[in-house]
S.K.: 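Below is one structure. I have some questions about it.
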Number of protein chains: 2
Amino acid sequence: MIDTKTRILDAAERLFAEHGFDATSLRAITKEAKVNLASVNYHFQSKDALIEALFVRRISPLNDERIRMLNEVERRAAGAAAPIEELVDAFVRPVLPGGAPGHHSIGILLGRMYAAPGGLLARVIAPQMDAIRERFGRAFRRSLPGLEAEEIFWRIHFTIGALAHTLASRGLLEFISRGMCSAADADQARTQLIRFVTGGLRAPSLVEKP
Amino acid sequence: MIDTKTRILDAAERLFAEHGFDATSLRAITKEAKVNLASVNYHFQSKDALIEALFVRRISPLNDERIRMLNEVERRAAGAAAPIEELVDAFVRPVLPGGAPGHHSIGILLGRMYAAPGGLLARVIAPQMDAIRERFGRAFRRSLPGLEAEEIFWRIHFTIGALAHTLASRGLLEFISRGMCSAADADQARTQLIRFVTGGLRAPSLVEKP
DNA sequence: GTATCAATCATACGTTCGTCTTAATCATAC
DNA sequence: GTATGATTAAGACGAACGTATGATTGATAC
């Protein structure tokens with residue numbers, strides 16, 4: 001029998017991803033997890049703290065995997081500038097379904113969190129993302145010497161947008177089911193995403209070079 | 001004195017954009033609008049219907065402006081394929097701050113809605129977006145003859161993602177204020193966005209051409 | 001066996017929410 | 001003036017929520 005704390009986290013992750021944070025009550029979570037209602041306030045202190053714990057559990061391994069893949073890409077490049085496609089792949093793959101070990105619905109939740117108001121993103125996610133952003137920013141600057149740091153910043157921002165939208169979009173699957181898109185598998189989505197983002201990153205700089 | 005219905009819509013739009021739909025109560029809205037609580041259920045029927053009315057009021061003019069700009073772009077192209085930058089501009093400008101007449105916070109709400117669960121997007125926004133997607137899809141196919149229809153579909157999807165993320169991201173302004181990005185004005189964001197998206201759209205096709 | 005402490009359980013509390021009801025107000029037409 | 005229909009006002013209702021309480025169980029150590 002899995003321990004109560006994990007059962008709560010798993011159920012919460014699943015239900016939050018499906019219905020959103022506000023629309024999911026602790027009663028629904030404890031029912032899904034087959035635990036007592038009070039367990040949530042015993043193991044965590046509040047609903048907010050539960051949500052926070054939920055991200056804490058996933059984000060670190062996720063970003064570790066990103067860094068691991070990035071290091072691997074740079075190792076293969078052997079000192080030269082790494083190919084943009086591979087940098088992007090290291091950035092997006094771990095967060096896409098099937099991309100990281102123990103991966104469940106955290107990608108959807110992350111995508112949703114980026115659009116949500118409130119302090120959780122600023123308190124929990126943003127600090128973790130700053131390190132990733134910094135590390136990948138350096139790699140991109142290396143492989144895109146024609147761009148200024150500020151432009152890199154913007155383009156990473158747009159990359160996150162395209163990624164988060166792909167993760168969060170409920171509409172996508174509907175479009176797919178309506179025949180507007182034939183391949184529903186994650187590989188197809190990732191390949192298309194990488195191609196698009198790589199093109200965006202490679203776009204010429206807006207800054208006039210002397 | 002502006003009429004009650006409009007006052008409610010304006011206040012709701014403002015508060016929803018700032019705090020989200022669930023975190024904003026009808027009492028907060030009616031207080032902000034300086035109207036009676038029951039007015040909401042009188043003029044609209046429910047909170048959900050209010051949210052729906054809120055989008056209905058803005059989306060049509062917004063998409064009309066998109067179509068108007070697109071037609072203008074195609075008119076200038078005089079039969080030839082229109083430049084991608086201008087197509088993208090017609091797509092993103094109306095939804096960005098200062099881009100359309102009567103524009104307030106609807107962009108933030110749209111950006112947030114794309115990441116939110118529930119049927120409102122599918123019921124209200126998606127049907128309106130289908131027409132836009134179709135119209136712009138045709139224009140993009142014309143200007144990007146090397147791409148298959150499915151690839152165009154994906155790339156419009158990613159474009160919406162980058163756009164929605166830019167609209168919804170609270171974090172962005174924080175990064176800006178922390179000096180990681182110097183220009184906070186909408187012009188800078190739009191220019192960077194268009195450059196990135198154009199590059200993504202122009203990326204070579206994934207499909208092998210015979 | 002019994003003391004101890006963490007975990008689980010049923011249940012209650014206080015709050016807040018969306019909605020509804022009923023009465024009061026206002027403008028307009030006759 | 002008065003009737004009429006639309007709007008606004010004040011307040012109450014029931015439901016659902018997050019949280020807290022106190023009892024109960026279960027395992028471990030002595």
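Numbers restart at 1 for each chain; the letters A, B, ... are given by sequence-line order, proteins then strands.
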S.K.: Give the intermediate values and the outcome of salt bridge (charged side-chain N to carboxylate O under 4.0 Å, His left out) for residues B:R7 and B:E32.
M.R.: CA-CA 9 Å; B:R7 301 255 299 285; B:E32 169 96 355; over 6 Å; no
S.K.: How long is the line joining CG of B:D3 and C1' of D:dA6, in whole Å?
M.R.: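 Distance check: B:D3 CG to D:dA6 C1' gives 13 Å.
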S.K.: Which of residues 43-54 of chain A have a heavy atom under 4.0 Å from DNA chain C?
M.R.: A:H43
S.K.: In this structure, how many angstroms lie between the C1' atom of D:dT25 and the OH atom of A:Y42, rounded?
M.R.: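 In whole Å, D:dT25 C1' and A:Y42 OH are 13 Å from each other.
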S.K.: Is a side-chain N or O of A:R66 found less than 3.5 angstrom from the main chain of A:A90, in a donor-acceptor match?
M.R.: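 Judged by distance alone, no pair lies under 3.5 Å.
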S.K.: Looking at DNA chain C, which of residues 22-31 of chain B put a heavy atom within less than 4.0 Å of it?
M.R.: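 Contacting residues: B:T24, B:S25, B:L26, B:R27.
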S.K.: Enumerate the residue pairs fulfilling side-chain hydrogen bond (donor to acceptor under 3.5 Å, both in side chains) with a member in residues 36-54 of chain A, sequence neighbours excluded, ordered by first and then second residue.
M.R.: A:E52-A:R123
S.K.: Should the ring pair B:F196 and A:F196 be called parallel, tilted or perpendicular, given that the plane angle runs from 0 to 90° and is split at 30 and 60?
M.R.: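 B:F196 and A:F196: perpendicular rings.
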S.K.: How close or far is atom P of D:dT25 from atom CG of A:N36, stated in whole angstroms?
M.R.: 14 Å
S.K.: Which heavy atom of B:L54 sits nearest a heavy atom of B:A12, and at what distance?
M.R.: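 Taking B:L54 first and B:A12 second, the nearest heavy atoms are CD1-CB, 3.7 Å.
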S.K.: Please, what dot-bracket string fits DNA chain C when only Watson-Crick and G-U pairs with both distances under 3.5 Å count, crossing ones use [ ] and pairs to another strand use |?
M.R.: ||||||||||||||||||||||||||||||
S.K.: When the nearest nucleotide of DNA chain D is assigned to A:A38 and to B:V35 on a heavy-atom basis, which residue is associated with the more 5' position?
M.R.: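 Nearest nucleotide further toward 5': that of B:V35.
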S.K.: Under a criterion of less than 4.0 angstrom to any heavy atom of chain A, what are the 5'-terminal and 3'-terminal contacting nucleotides of DNA chain C?
M.R.: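 Boundary nucleotides touching chain A, in 5' to 3' order, are C:dA6 to C:dA12.
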S.K.: Rounded to the nearest 0.5 Å, what separates atom CD in B:E134 from atom CZ in B:F153?
M.R.: 12.0 Å
S.K.: Between B:T30 (side chain only) and B:R27 (backbone N and O only), is there a donor and an acceptor less than 3.5 Å apart?
M.R.: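 Confirmed, B:T30 side chain pairs with B:R27 backbone.
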S.K.: So which atom in A:S205 and which in A:V207 form the shortest heavy-atom distance, rounded to 0.1 Å?
M.R.: OG-N, 2.9 Å
S.K.: Among D:dT19, D:dT8, D:dA9, which is the nearest nucleotide to the side chain of A:N41?
M.R.: D:dT19
S.K.: Quick check on D:dT7: is either OP1 or OP2 less than 4.0 Å from any side-chain nitrogen or oxygen of B:T4?
M.R.: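 No, no such contact exists.
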S.K.: Apply side chain to side chain donor-acceptor pair (under 3.5 Å) to A:R202 and list each qualifying residue two or more places apart in sequence or on a separate chain.
M.R.: A:E85
S.K.: So, A:H157 versus B:H165, ring centres under 6.0 angstrom or not?
M.R.: yes
S.K.: With distance as the sole criterion, is a donor-acceptor pair present between the side chains of B:N71 and B:R76 under 3.5 Å?
M.R.: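 Result is no, nothing qualifies.
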S.K.: Work out which heavy atom in B:L70 is nearest to a heavy atom in B:A139; give both atom names and the distance.
M.R.: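 For B:L70 versus B:A139, the nearest heavy atoms are CD1-CB, 4.0 Å.
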S.K.: Between A:R112 and A:F16, is there a donor-acceptor pair closer than 3.5 Å when you use the side chain of the first and the backbone of the second?
M.R.: yes
